[in-house]
Structure formats: structure tokens, C-alpha cells
Protein chains: 2
Amino acid sequence: MLAAERHDHLLGLLAREGKIVAKDVAAELGISEDSVRRDLRDLASEGLCQRVYGGALPVSPAVVGYAARQTVAPDGKRKVASLAAGLVRPGGALILDGGTTALAVARALPQNLACTVITHSPTIAAALLDHPQTELFLLGGRIFKHSAVACGAAAVEAAQNVSADLCLLGVTGVHPEVGLTTGDAEEAAMKRALAARAADTYILASSEKLGTASQFRVLPWEKISGLITDADPHDAVVERLTARGVEILTTG
Amino acid sequence: MLAAERHDHLLGLLAREGKIVAKDVAAELGISEDSVRRDLRDLASEGLCQRVYGGALPVSPAVVGYAARQTVAPDGKRKVASLAAGLVRPGGALILDGGTTALAVARALPQNLACTVITHSPTIAAALLDHPQTELFLLGGRIFKHSAVACGAAAVEAAQNVSADLCLLGVTGVHPEVGLTTGDAEEAAMKRALAARAADTYILASSEKLGTASQFRVLPWEKISGLITDADPHDAVVERLTARGVEILTTG
DNA sequence: AAGATACATGCAGAAACGTGCAAGAACAGG
DNA sequence: CCTGTTCTTGCACGTTTCTGCATGTATCTT
């Protein structure tokens, strides 16, 4: 790992997550905390970050405000994400939904994975800009602030022109009888359009979503290849889904 | 293995992986690290790569350095940006190009401005997510890593379906005779498509770009409403543009 | 106030660097 | 075909830079 590469990594981290914890980065990159501190000192001297006790923050408070909402993914979500990232085959095409779980998946993709990622989320697209081998295709349309993704007629139409091996969808509710649901009709339609363009569709759902349902149905279970979750395999909802023939991938 | 062959290999590696580690390449090609270093020195002297301790990085590190470029908004660029932001009328529609200057404009837009922003840059879209009153429309397509915007046939086609009062374009070169230029053909085509959909098109150009030209022409001066720059009004290039009838907005 | 954590500094080993040099290949001219 | 020149390449050397550890100090937390 080159020093300059570390610097870029740190700046990327800063932009994406809004903060740097020296200890974590050292563990993540397998280098000493001293090196991280030295790097941060260098960056700070160039005005590229603001040094604080324990790590660093972006220089511009505006960035912080934005990044604050994109808090670091909780442990369960991260596990789900890395499990899902493992499904992506080199050379394959992946349709990636918006939302925090999908963002965690994007971050979990290996830096040098050569694949095509199709998304309607500008946030996810921005997060994947530093993956040199990844071909990115953005589905345009009106941006729904609520979820920060492109939805609506234009986006659905754009989705008709792509196809992929795998589609990873986040949802709000996962219920054995009701199916998969979300809180916005446009979003639901968009997710349907995405799922229709992939050979396989997997659902990303951390355990707290199991057994709940929202207002708008996305898809019935028949259209789904499987569910990726961090719930216990013996969870009541999980067992009912298994009985229904849904493949369950758990982090356990 | 010929020297020129090695050079090609190195540039390819740089493009594919975003970095070169001298030691690894030496082992891979079965040549000494000294030769690799010499090659890298040559490439760097031609401006084809950026030498760093341990290897080399792309010279225009769209991939790696993008985050860095985002954080630093030099004073001149910020002034240009806030001047441009002042052109946006409440209730109006704005087509905003990609690039660092355009990003600075996005950041300079008042938090509560009620307007529509159309862009082909996921980065800009992400930056405007926290403007509650701003309607966002994203133009999709293949993402060009070099500039981090959607370009190509799909993006140009998507642009045909929008229209706006104002278009703000960033360019690489601003030359009285040659016109407005940029370094990539696809980008140039996309900028043309954007400009064609707006009633008025203004160019964003910090002073160091004045009098320079790149490979691909974007638009002739006739199609441009004006130039927004931080250059001195008595600058030689500025005066020649004024003589040509181009409206100049300066921060002075 | 005390323990824990993060920090700066100095230091030593390791890695990368530049330079000079010699062996070899490619080439031009006789 | 031979010879001298030039260019390239790898090695050796001394120098610079980086990195992790140890030390003592500063800062945070409880």
C-alpha cells in the first residue's frame, strides 16, 4: 500500500462517512496507528482535513452536516452487506437499489472487482467512483428526497433498457404473507422495475424488518430468489419463510 | 520486452487499477525495479503519470483524488460559484454541469432556494440532497470515471427530454477564437446536449483557463450567453471576448 | 483524582531512491 | 564483416524516506 494511496483512502473515507477514527483505519488497512496519525497530520497541514482527538473530520462543516446522516452502518447491516457483496461475481452485472443497506453493500464490494453496477441512487454511484474496475451505469429520473433515489416514470423507463444477473433490493417490510413492502408507491414501482430486469433478485433486510409490513407492496415472494438477513435461522418469521420455499442467507 | 511496450503496459495498469507499485510490476514482468522506476520517471516527465514513493498514480486522478478535489475549493473558484449561483431565480430550472466548479455552484445555492436542478453528475445530486426545496432531476447513463458524470448515448438522449431557463457549464479551455473546449469527446457532446436545452447558457471558468484550448470543441461563442470568471476585466483574453460580443460577469 | 487512551518524539530497521558504472544489444559507417 | 558509438539494462553503492516500536507527555473519561 502506497502512502499516497492511503491518503486518498483517508480522504475518501472522510467524504463518505464524515469522519475518520485512527484506530479503526489502522486495523482496517493493517498498518500502525502511528502511520495513520502521521498521514492525518500531513493532510491537515495541507488543509484537507481537520485533526481532532482520535481521528479527523472534514474541513468544511457543510460536509459534516451531510455526512452525519450517512452514519456508519451498524454491525448487523454491515454483515448483511458483506454477505450480499459475496454474491456478486466478477464480470457480472449487478442492479443495486438505493438506501442505507444498499450503500453498505456498495462499500463492501472489493475495490478491484471488475463488474457492472447499475443503480438509481446518486449516493451509491458516488460511493463507487473510486472502484477503477467497476463499470457504473446510472438510471436517471426525478430524485425523491425521501430516499435519495431516482424514481418516477423516467426512471422506470430507463430501467427497461438494462439487464443484469443479480438485483439487490432493500425494503421496509418483510412479511411472510403480505410479501415485501415499502412506504412509497413510486419507490415500490421502481423496485419492481429493477427486479424485473435481473435474472435473480435478493432482498436485503436486517432482522428488525422481519414480520413488519408497510403500505405499498413491492413484490410477492414468488418473484424473489432469496432473502439476505442477519436474523437467527430459527426466528419464527424466518422459519415461516423457509416453509414458503424462500431461500434464506443468514450471516450466522 | 521493448521499452515502449513496457510504457504501454504501465499506462494500461494505471488506467485499470488506478495505481502502480514498482516492486510488483518488476516481479510481474521479470525486470529490475530500476527499470520500472526509470520508466515511471519518463512517463512522469511527459505528464502521463504522477510519481509517488513506491510507484505511481494517474496524473488526473479522477478516481483517487476526486475526494480531495471536492474538499478544496480555492478562493477564485468559490467566488465564481457564488456569482453564478446568483443567476438562479427562485422557481426557475437550472441545468448544472459536472466538475469541481459546478460542484462549488451547487454548494453556493441557498439552502432554501425553491428551484429545479437538472444534472448528469451523481456527485452534484448527492450534494443537493439536503436542499429541501430543490427539485432534483438526474440524467442517467454510463458514468465516465474520468469526470464522474453520466455521458454517452443514453445520457444525451435523456437530456432531450428536459428544458430549463439556465445552463451552467464548466469547460477546460476558453479561447477567443477556438471557443470552448474540453478534453473528452463524450463530455463535449454531453455539454452540447445540455446547452441546447436551456434558454441561456453561461460558462464557468476560473482565470487560469482563459486563453487555453483542449482537444474537443464544446460550443462556439455564438451559442453562449456569457462567461462567468474571476479574471480581471482588463485581462487581454477578456477584452478580446468582450470585443466579440460575449457578456462577461466578473467577481471583481 | 486516577486510569485509560491518544499523542509527539526519537530511534532503528527496512524499503525505496538516485547515481555511477559496466556488460550487453542495436545500430551506423567504414 | 568489423568497429566504434549509442542506448539500454541490471547491479552496487550511499542517501533519503518510510514505518513500527518505545518512551514520556497530554488529553479524555469515569
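Since the structure is predicted, the reported quantities are computational estimates derived from the model, not experimental observations. Numbers restart at 1 for each chain; the letters A, B, ... are given by sequence-line order, proteins then strands.
Here B:Val36 lies out of heavy-atom contact (under 4.0 Å) with every strand.
Residues B:Asp230 and B:Lys79 are not paired through a salt bridge, judged by the lack of any N-O separation under 4.0 Å between the basic side chain and the carboxylate. With salt bridges taken as basic N to acidic carboxylate O contacts below 4.0 Å, none links A:Asp165 and A:Arg89. Between B:Lys23 and B:Glu33 there is no salt bridge, since no side-chain nitrogen of the basic residue lies less than 4.0 Å from a carboxylate oxygen of the acidic one.
Atoms OG1 and CG, from A:Thr134 and A:Leu113 in turn, are 5.5 Å apart once rounded to the nearest 0.5 Å.
B:Thr229 and B:Thr250 are not linked by any side-chain donor-acceptor pair at a separation below 3.5 angstrom, with hydrogens and angles left out of the test.
If A:Leu2 and B:Asp34 are placed on DNA chain D by their nearest nucleotide, the residue sitting closer to the 5' end is B:Asp34.
For A:Glu5 and D:dT19, the CD to C1' distance is 16 Å, given to the nearest whole Å. Atom P of nucleotide D:dT8 and atom NE2 of B:His7 are separated by 9 Å, given to the nearest angstrom. Computed from coordinates, the B:Ile20 CD1 to C:dA16 P distance equals 15 Å when rounded to whole Å. Distance OH (A:Tyr53) to C1' (C:dA4): 9 Å, rounded to an integer number of Å. Rounding to whole angstrom units, CD of residue A:Glu33 and P of C:dC7 are separated by 8 Å. In this entry the distance linking NZ of B:Lys23 with P of D:dT19 reads 13 Å, nearest Å.
Taken residue by residue, residues 37-44 of chain B places heavy atoms nearer than 4.0 Å to DNA chain D at B:Arg38.
Contact check, B:Ser35 against D:dT9: no side-chain N or O comes under 4.0 Å of OP1 or OP2.
For the pair A:His131 (side chain) and A:Leu109 (backbone), a donor-acceptor distance under 3.5 Å is present.
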